[in-house]
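What follows is a set of notes on a single structure, which appears directly below.
Order of appearance sets the numbers: ligands from 1, and atoms from 1 within every ligand. The figures that follow rest on heavy atoms only: side chains count, while hydrogens, waters and symmetry mates do not.
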Amino acid sequence: MTSTHSTPRRTVLISGASIAGPALAYWLHRYGFAVTVVEKASAPRGGGYPIDVRGTAIEVVRRMGVLPRLREARIESQRVTFLGPDGGEVATVAPHDLAGSVEGRDLEVARGDLTAILYAAVADDVEFLFDDSIDTLDQSGGGVDVAFRGGGRRTFDLVVGADGMHSRTRRLLLGPEGPFQRYLGYCFAVFTMPNAFGLSRELMMWNAPGRAAALYATGEDDATLHAFLNFHLPEPPEAFRDPETQVKLVAEAFADAGWEVPGIIDAMRGADDLFCDTVGQIRLPAWSGGRVALVGDAAYAPSFLTGQGTSLALVGAYMLARALAADPDHAAAFAAYESGTRAFATANQALVDHGTAGLFPTTAQALEQRNARLRDLVAMPAPAERAAYSALALPEPW
Ligand SMILES: Cc1cc2nc3c(=O)[nH]c(=O)nc-3n(C[C@H](O)[C@H](O)[C@H](O)COP(=O)(O)OP(=O)(O)OC[C@H]3O[C@@H](n4cnc5c(N)ncnc54)[C@H](O)[C@@H]3O)c2cc1C
């Protein structure tokens, strides 16, 4: 059912224009809401590491009409080669076996391509405010009074935080992140570097206990590799958001590593797109408060160990918009969104103990066991993965 527009359109401000934000904007616009998206970057963020769209999320992008474009943009990796601490080959496997994806249906695309495709689907229909962000939120009146960092002030019926794992909207609503973050024992760095290895549409991953260094040639640009460094730290590091601390910690963690890792560390020092973070999940007691709700990583980041953050963001956006369309009472709609989506989020967060997570063993024994599984070509993902990816039967659009 679409709105007849006979009553004033309800206004929604979405913070964040990556994946959850534009997907939510698309569906809310389709249901007749007047949507504004504020993004702190100056444009939709391009580039970025490869991400997966799987299971229920495929149905979301199909219903948005963007599936053909995503299929055109998909990365078709040929193989994943695992290397041991000395750089010797351990096993070569098919990417789909590793991730539990269904070949021919699930997709791997560059994060920037997905953002661009979602943005293009709404850019003409929705107001975008780039280079700005929410400074304060005040819910004491009949709506949400928003003060923007850029100096503007506006009132919206509803505000949704789609501003990622370290969401500012969540901080304004619920306070600092600490109590809501579950640290998973790793830190990582991603950046791009020159493809001096002649890799082509393939991933190479070097492992030692508690450390992984991967190079990914995605095929979008033969001259460039996506580098990924992941290392185990039992306790979260202090001040890991400070760039100098990040480079120092990563370099220390890989100081005596073999294979091509010294060159990768050198490339990290010179990278202009280095992104480092701790590996963690967001677990909230409630996904909304008053007229403000959260979606995607801001509400239930599952960590890249599950490979499901993007799919959760897409499905969550669909479910939230549908709930708001179905019930004019925002409190009831937010409750319906959460009750319809929470089990799906929880099932996918629980995958940290399976599948892709098993690629980063922290002990020599666990690494040997993983290598044995890879050599035997026993597909890494247990049936639990495939079940979780599709654990939500998507209701029809409202
Ligand atoms: C290295 C790495 C590998 C990953 N691999 C995978 C994978 O294989 N598969 C997978 O599904 N997922 C993967 N993910 C996770 C995936 O990227 C996220 O789960 C997904 O991007 C979540 O989308 P989102 O829209 O909720 O948040 P984000 O993509 O984090 O977007 C948040 C947006 O909000 C903006 N923003 C932030 N703060 C503000 C503010 N104060 N005001 C305005 N705007 C703001 C940001 O600029 C950004 O555009 C990976 C993540 C990382 C870091």
Extract all N/O-N/O pairs under 3.5 Å that connect ligand 1 to the protein, and present each with both atom names and the distance rounded to 0.1 Å.
{"residue": "ligand 1", "atom": "8 (O)", "partner": "Asp52", "partner atom": "OD2", "Å": "3.1"}
{"residue": "ligand 1", "atom": "9 (N)", "partner": "Asp52", "partner atom": "N", "Å": "3.3"}
{"residue": "ligand 1", "atom": "9 (N)", "partner": "Gly307", "partner atom": "O", "Å": "3.1"}
{"residue": "ligand 1", "atom": "11 (O)", "partner": "Asp52", "partner atom": "O", "Å": "3.4"}
{"residue": "ligand 1", "atom": "11 (O)", "partner": "Gly307", "partner atom": "O", "Å": "2.8"}
{"residue": "ligand 1", "atom": "11 (O)", "partner": "Gly309", "partner atom": "N", "Å": "3.2"}
{"residue": "ligand 1", "atom": "11 (O)", "partner": "Thr310", "partner atom": "N", "Å": "2.9"}
{"residue": "ligand 1", "atom": "11 (O)", "partner": "Thr310", "partner atom": "OG1", "Å": "3.1"}
{"residue": "ligand 1", "atom": "12 (N)", "partner": "Thr310", "partner atom": "OG1", "Å": "3.3"}
{"residue": "ligand 1", "atom": "17 (O)", "partner": "Tyr49", "partner atom": "OH", "Å": "2.9"}
{"residue": "ligand 1", "atom": "19 (O)", "partner": "Asp297", "partner atom": "OD1", "Å": "2.8"}
{"residue": "ligand 1", "atom": "19 (O)", "partner": "Asp297", "partner atom": "OD2", "Å": "3.1"}
{"residue": "ligand 1", "atom": "25 (O)", "partner": "Ile19", "partner atom": "N", "Å": "3.1"}
{"residue": "ligand 1", "atom": "25 (O)", "partner": "Ala20", "partner atom": "N", "Å": "2.9"}
{"residue": "ligand 1", "atom": "26 (O)", "partner": "Asp297", "partner atom": "N", "Å": "2.9"}
{"residue": "ligand 1", "atom": "29 (O)", "partner": "Ser18", "partner atom": "OG", "Å": "2.6"}
{"residue": "ligand 1", "atom": "31 (O)", "partner": "Ser18", "partner atom": "OG", "Å": "3.3"}
{"residue": "ligand 1", "atom": "44 (N)", "partner": "Lys40", "partner atom": "N", "Å": "3.2"}
{"residue": "ligand 1", "atom": "47 (O)", "partner": "Glu39", "partner atom": "OE2", "Å": "2.6"}
{"residue": "ligand 1", "atom": "47 (O)", "partner": "Arg45", "partner atom": "NE", "Å": "2.8"}
{"residue": "ligand 1", "atom": "47 (O)", "partner": "Arg45", "partner atom": "NH2", "Å": "3.0"}
{"residue": "ligand 1", "atom": "49 (O)", "partner": "Glu39", "partner atom": "OE1", "Å": "2.7"}
{"residue": "ligand 1", "atom": "49 (O)", "partner": "Glu39", "partner atom": "OE2", "Å": "3.4"}

Rounded distance (nearest 0.5 Å) linking atom CG of Asn195 with atom NE2 of His226: 11.0 Å
Return a table of donor-acceptor pairs under 3.5 angstrom between the side chains of residues 257-269 and protein atoms on other chains or two or more places apart.
none

Answer yes if the ring centres of Phe275 and Tyr49 are under 6.0 angstrom apart, and no otherwise. no
Residues Ser42 and Asp131: side-chain donor-acceptor under 3.5 angstrom: no
Sequence neighbours left out, what passes salt bridge (charged side-chain N to carboxylate O under 4.0 Å, His left out) with Asp138? Give chain and number order. none
Under the rule for salt bridge (charged side-chain N to carboxylate O under 4.0 Å, His left out), what residues qualify as partners of Arg168, not counting sequence neighbours? Asp135
